[in-house]
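A short write-up of the structure that comes next.
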Amino acid sequence: MSAVPAGLATDQQPPMTVPLRYFLAGFAFLLAGGAVGLAHVLGAAPGFARLAHVHLLLAGWVCLTIMGAMTQFVPVWSNVPVHSRRLANAALALVAVGVAGLAGAFLAASVHWIHGFGGLLVLGVWAFAYNLARTLPPVREFDATEAHFAFALACFVALAALGFVLAFDLSTPVLPVAGVARPQVVGAHATLAVFGAILATVFGALYQLATMFTQTEIAGRERHLAHVEYAYPAGVLALATGRLFAVRPLAAAGALAMAAGALAFAVLLGKKLYEGRVERTPMLSRYAVVAVALAAWSPLAAREWIADPLGRDALFGPTAGGHLLFVGVVGFVVMGSLYHVVPFIVWVHRYSDRLGFEQVPMIDDLYDDRLAAVDGALLTFGAVTLILGQTGVAPGQATIAGGVALAGGFVAFTANLVGVVYRHGRVLPERFHGRPENAD
């Protein structure tokens, strides 16, 4: 069973129902995004299906999961109380309604509803960012995790604003007045979203989680790898700014700094996983996939960005690099983390008080190991098959097979963790609910 490491202030965390709501809403968007993606592959999705697919998975599943995790663990890591529980719940409602409505508007190709629901999404993201910014300790030096989180929050604020401008521009063209081409704003928005808000959060969290759960430390020459990775946020800003204002040298320099930082982090993560002498869990197994995928994606992206850092086709690196990045890196790190976080939350509030008085299950006993193996195999097969199909190494039918495998993996993963909440969390002690949700 995993223990809470010394020095973490678990008494500062909000009621566990807060992050669980985020995670469960995220699972719904994961399934919806997988369904739209599969329909798109089969040519059966209407409207702006690709935009709906991307926003359901990234804004809906990944970002809601990140928001819930940060709301839960920033107070723990930083030893400060969360600023407002009411604001955390309001942010969830606004983002969930905004993403759902935005995806529906994309599928219906309704430009007016796109910026209407986009406005709700922006308000939710800004409410979350404000709440966490007020939670982070204001007067002391940030550690690596806090620094990455602070940078990610700034990216959340900026990308939401750019996203709303893009949505509004669909019905009322405003970008020509500003003298900025739409592809430039799309490039900056995508850069801040994927590499700023999402990957910066991933790197910050893994600085804690990878060392904590492998029982290792970053020491000696490994610190040089961390120092290289510290250039990553500056690279994101340079690439986003270069793309926004079409400054090719600035974008190329930022892209190289980003790729170098990502590769350094991949090596560091792989080294920690190799050094760890602990039992392999679904979380650590998925982190191993993340290290390999990130190490493979980084040089491929660098090569594409050197050739064309402003090109829309190279937003996320090579053409087939999208699934390598989004499934192999982002998807696996989120799923791996949730394989510990969700059972941990349920275990603490269902079984921790019984420890020492009766036999209780361990955290890793709450989910189904066989189902975890199935979803891991399906997702790995699906990602590899899609990439091979997109690069022409495998026949065109491989793309359909990969999409079906990914959809099946998403369903198995969701069923496994929702099953944890249903089986072990449906009869929880009263204190699971903490203080009234409208208390600050």
Side-chain angles (χ1 to χ4, degrees), residues 33 36-37 40-41 43 45 47-59 62-63 102-103 106-107 109 111 114-115 118 155 158-171 173-199 235-259 262 297-330 386-387 389-392 399:
V36 172
H40 182 55
V41 168
F48 307 128
R50 185 172 180 274
L51 287 175
H53 173 61
V54 168
H55 282 80
L56 284 169
L57 290 182
L58 295 185
V62 175
C63 286
L102 187 63
F106 279 137
L107 292 172
V111 294
I114 287 173
H115 69 250
C155 290
L159 76 89
L162 291 176
F164 183 75
V165 170
L166 287 169
F168 191 78
D169 184 69
L170 287 173
S171 59
V174 294
L175 293 178
V177 178
V180 181
R182 185 176 180 85
Q184 294 171 224
V185 183
V186 170
H189 172 69
T191 301
L192 291 173
V194 175
F195 303 117
I198 295 176
L199 276 191
V236 174
L237 289 179
L239 179 59
T241 304
R243 284 176 167 174
L244 181 60
F245 298 106
V247 182
R248 186 185 182 93
L250 180 61
L256 288 177
M258 276 177 45
W297 171 84
S298 300
L300 294 175
R303 185 182 65 181
E304 292 291 322
W305 286 333
I306 290 173
D308 187 12
L310 304 181
R312 187 161 186 172
D313 291 339
L315 278 180
F316 309 116
T319 302
H323 288 96
L324 186 60
L325 176 64
F326 293 130
V327 180
V329 178
V330 176
L386 271 176
I387 292 169
Q390 289 178 334
T391 56
T399 302

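Positions are given from 1 along the sequence. Just so you know, these numbers use all the heavy atoms, side chains as well, and skip hydrogens, waters and symmetry mates. Just so we're clear, the structure is a prediction, and the values are computed from it rather than from any experiment.
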Result block: side-chain N/O donor-acceptor pairs under 3.5 angstrom for residues 235-247, not counting sequence neighbours:
residue	atom	partner	partner atom	Å
Thr241	OG1	Leu237	O	2.7
Arg243	NE	Pro309	O	2.9
Arg243	NH1	Thr191	OG1	2.7
Arg243	NH1	Leu315	O	3.2
Arg243	NH2	Pro309	O	3.4
Arg243	NH2	Ala314	O	3.2
Arg243	NH2	Leu315	O	3.3

With a 3.5 Å cut-off and sequence neighbours excluded, list the donor-acceptor pairs that the side chains of residues 249-259 form with protein atoms.
none

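Sequence neighbours left out, the pairs with a member in residues 248-258 that pass salt bridge (charged side-chain N to carboxylate O under 4.0 Å, His left out) are Arg248-Asp308. Every pair tested for salt bridge (charged side-chain N to carboxylate O under 4.0 Å, His left out) that includes a residue from residues 183-197 fails, sequence neighbours excluded, so the list is empty. Residue pairs that meet the salt bridge (charged side-chain N to carboxylate O under 4.0 Å, His left out) test with at least one member in residues 47-56, sequence neighbours left out, do not exist here.
Taking every heavy atom of both residues into account, Ala52 and Ala103 meet most closely at CB-O, 3.8 Å. Leu57 and Gly33 get closest at one heavy-atom pair: CD2-CA, 3.8 Å. For the residue pair Gly317 and Trp305, the shortest heavy atom distance occurs at N-NE1, 3.7 Å. Closest of all the heavy-atom pairs between Ser171 and Val111 is CB-CG2, 4.1 Å.
Here CG of Leu159 is found 7.0 Å from SG of Cys63. Values are rounded to the nearest 0.5 Å. With values rounded to the nearest 0.5 angstrom, Trp297 atom CH2 is found 10.0 Å from Phe316 atom CZ. The CG atom of Leu51 sits 8.5 Å away from atom CG of Leu102, with the distance rounded to the nearest 0.5 Å. Within the model, atoms CG of Leu300 and CG of Leu325 stand 11.5 Å from one another, a figure rounded to the nearest 0.5 Å. Rounding to the nearest 0.5 angstrom, the gap separating the CG atom in Leu170 from the CZ atom in Phe48 is 6.5 Å. Here the CG-NE2 distance, from Leu107 to His53, works out to 11.5 Å after rounding to the nearest 0.5 Å.
Remark: Arg182 engages Asp169 in a salt bridge (charged side-chain N to carboxylate O under 4.0 Å, His left out) (not counting sequence neighbours).
The shortest distance between side-chain heavy atoms of Leu324 and Val329 does not fall below 4.5 Å. Taking 4.5 Å as the limit, some side-chain heavy atom of Phe326 sits within range of a side-chain heavy atom of Val194.
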